[in-house]
Amino acid sequence: MIQYVYGYPVYTFSIEDPSKAIIEVQKCIDGTKEINRSDEWNADCLTTSADGRGCNTKKGNDEFKYIFQEIYKHSKIFLNELNMDINLTVNICGNSTCTDNKCNDTWINIYEKGHYQGPHWHVIGDEDEEPEYKGHPQNMFSFTYFMKYDEEKDAKFKFIDRSSGSSPFEEEWEKDEPCFTRSFVPDVKQGDVIIFPFFMIHEVSKQECDGPRITLAGNLYKEI
């Protein structure tokens, strides 16, 4: 399903077989030696990408074979509806068959009580020091898979309106009309995946209950 958030297309779908996807993510968590907090980005949560980018998991592309299959299938549906005749891949190099773990731009985030993720976007530029990023095109879309998520209790994923605003009545409008709020919480549940343009600013509110809240996130590049 496509909905437009602040004018940009956002696509949400449900994993067809959630049990397969959960097994893949849990195996990755169990097989990752270090899952730490990150000092490289504005978040306080546990992550398999403590350096702030890329995949530091053991098996890389083989780890999430079923999840990637679902993402590629639905990203094609999404792009067709946008009249974009391209394919997407999680690999920075643009080759969907690449098995180099450094090319797999995905990571797992685990939120326990008190954890959060501040406003950010997934812009990747040539200023990145890692050689695998240099010379490759900017990612086109980003995604989040809600592997373990209680929509009633867990911290919310929010899009942030990046416009400056122009009305002195902005706060009053937000109070009376939800469409004028400066943040938007998409309607997602456990097992859903949300795909959105890489430049959309988003955040995760503070986790107020015991976790874990677990997501798999990443970037999608144009296949070459």
Side-chain angles (χ1 to χ4, degrees), residues 1-18 20-22 24-25 28 41 43 45 47-49 53 55 64 66-82 84 86-90 104-111 115-124 138-162 178-179 181-207 211-222:
M1 178 189 72
I2 294 180
Q3 61 179 322
Y4 283 83
V5 179
Y6 305 127
Y8 301 113
V10 174
Y11 183 84
T12 305
F13 70 92
S14 298
I15 292 285
E16 184 173 344
D17 189 339
K20 284 186 179 180
I22 289 173
E24 287 186 339
V25 174
C28 177
W41 43 298
C45 66
T47 179
T48 59
S49 184
R53 65 199 67 178
C55 179
F64 309 118
Y66 175 70
I67 296 173
F68 290 166
Q69 175 185 311
E70 286 286 285
I71 290 174
Y72 294 158
K73 177 177 69 177
H74 282 276
S75 66
K76 190 63 178 177
I77 295 172
F78 177 33
L79 294 174
N80 283 342
E81 291 192 35
L82 297 178
M84 298 176 66
I86 60 173
N87 295 315
L88 299 175
T89 175
V90 298
N104 177 5
D105 198 8
T106 61
W107 57 92
I108 294 171
N109 290 335
I110 302 174
Y111 298 81
H115 288 172
Y116 65 90
Q117 187 176 120
H120 67 287
W121 59 8
H122 292 191
V123 174
I124 299 171
Q138 168 69 50
N139 52 313
M140 297 187 69
F141 293 91
S142 299
F143 73 88
T144 298
Y145 161 52
F146 295 83
M147 176 267 198
K148 190 175 187 302
Y149 176 67
D150 186 329
E151 58 187 299
E152 298 296 328
K153 298 179 180 178
D154 283 337
K156 302 299 184 184
F157 178 104
K158 299 179 180 181
F159 288 113
I160 307 300
D161 186 358
R162 63 189 297 180
C179 63
T181 58
R182 305 294 288 179
S183 65
F184 175 81
V185 178
D187 183 14
V188 293
K189 60 184 182 301
Q190 182 168 299
D192 283 355
V193 177
I194 187 167
I195 302 175
F196 53 95
F198 72 92
F199 52 78
M200 291 186 73
I201 299 174
H202 54 287
E203 68 177 4
V204 176
S205 60
K206 187 176 181 181
Q207 177 78 2
R213 174 193 188 274
I214 302 175
T215 57
L216 171 69
N219 294 313
L220 295 168
Y221 298 80
K222 182 179 179 180

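It should be emphasised that the depicted structure is a prediction, and the values quoted were computed from it without experimental measurement. Along the sequence shown, residues are numbered consecutively beginning with 1.
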**OP:** Could you please spell out the steps behind the side-chain contact (heavy atoms from CB on, under 4.5 Å) verdict for Leu88 and Ile195?
**Re:** CA-CA 11 Å; Leu88 299 175; Ile195 302 175; 5.6 Å; no

**OP:** Keeping the roles fixed (side chain from Glu203, backbone from Gly118), state whether a donor-acceptor pair exists under 3.5 Å.
**Re:** no

Original post:
Is the shortest heavy-atom distance from the side chain of Met200 to the side chain of Ser142 under 4.5 Å?
Top reply: no

**OP:** Would you indicate whether the side-chain heavy atoms of Val204 and Arg213 approach each other to under 4.5 Å?
**Re:** yes

Subject >> Nearest non-hydrogen partners of Asn139 and Phe198, listed with the distance >> reply: O-CD2, 3.0 Å

Original post:
Under a 4.5 Å cut-off applied to non-hydrogen side-chain atoms, are Lys20 and Gln69 in contact?
Top reply: no

Subject >> Trace of the side-chain contact (heavy atoms from CB on, under 4.5 Å) decision for Phe141 with Tyr11 >> reply: CA-CA 10 Å; Phe141 293 91; Tyr11 183 84; over 6 Å; no

**OP:** On the 0 to 90° scale, with breaks at 30° and 60°, tag the His202-Phe196 ring pair as parallel, tilted or perpendicular.
**Re:** perpendicular

Original post:
Do you know which two heavy atoms are closest between Tyr66 and Glu24, and how far apart they sit?
Top reply: N-OE2, 2.7 Å

Original post:
What residues form a side-chain hydrogen bond (donor to acceptor under 3.5 Å, both in side chains) with Glu70, not counting sequence neighbours?
Top reply: Lys73

Original post:
Of the non-hydrogen atoms in Thr215 and Phe146, which two are nearest, and what is the gap between them?
Top reply: CG2-CD2, 4.0 Å

Original post:
Nearest 0.5 Å, what's the CG-CG distance between Asn219 and Asn104?
Top reply: 10.5 Å

Original post:
What distance do Asp192 atom CG and Thr144 atom OG1 have between them, rounded to the nearest 0.5 Å?
Top reply: 11.5 Å

Original post:
Hey, does the side chain of Tyr72 reach the backbone of Val90 with a donor-acceptor pair shorter than 3.5 angstrom?
Top reply: yes

Original post:
Taking all non-hydrogen atoms of both residues, which atom of Gln117 and which atom of Asn109 are closest, and how far apart?
Top reply: NE2-ND2, 3.3 Å

**OP:** Taking the side chain as every heavy atom from C-beta outward, state whether Ile67 and Val193 have any pair of such atoms under 4.5 Å apart.
**Re:** no

Original post:
From Ser75 OG over to Phe13 CZ, what is the distance, rounded to the nearest 0.5 angstrom?
Top reply: 8.0 Å

Original post:
If you round to the nearest 0.5 Å, how far is NZ of Lys222 from OG1 of Thr89?
Top reply: 13.5 Å

Original post:
Can you name the nearest heavy-atom pair linking Ile86 to Lys76, along with the distance?
Top reply: O-NZ, 3.2 Å

**OP:** Please lay out, stage by stage, how Phe78 and Ile2 fare under the test side-chain contact (heavy atoms from CB on, under 4.5 Å).
**Re:** CA-CA 7 Å; Phe78 177 33; Ile2 294 180; 3.6 Å; yes

Subject >> Other residues, nucleotides, ligands: >12 heavy atoms within 6.0 Å of Asp187 CG >> reply: no

**OP:** Taking the side chain as every heavy atom from C-beta outward, state whether Val10 and Pro186 have any atom pair closer than 4.5 Å.
**Re:** no

Return a table of donor-acceptor pairs under 3.5 angstrom between the side chains of residues 153-160 and protein atoms on other chains or two or more places apart.
residue : atom : partner : partner atom : Å
Asp154  : OD1  : Gln207  : NE2          : 2.8
Asp154  : OD2  : Asp150  : N            : 2.7
Lys156  : NZ   : Glu151  : O            : 2.2

Original post:
Does a sphere of radius 6.0 Å around CD in Gln3 hold more than 12 heavy atoms from other residues, nucleotides or ligands, not counting ones at 6.0 Å or beyond?
Top reply: yes

**OP:** State yes or no: are the ring centers of Tyr145 and Phe64 separated by less than 6.0 Å?
**Re:** no

**OP:** Report the distance from atom CD1 of Ile194 to atom OG1 of Thr12, rounding to the nearest 0.5 Å.
**Re:** 4.0 Å

**OP:** Over all heavy atoms of both residues, which pair between Phe143 and Leu216 is shortest? Give the atoms and the distance, please.
**Re:** CE1-O, 3.7 Å

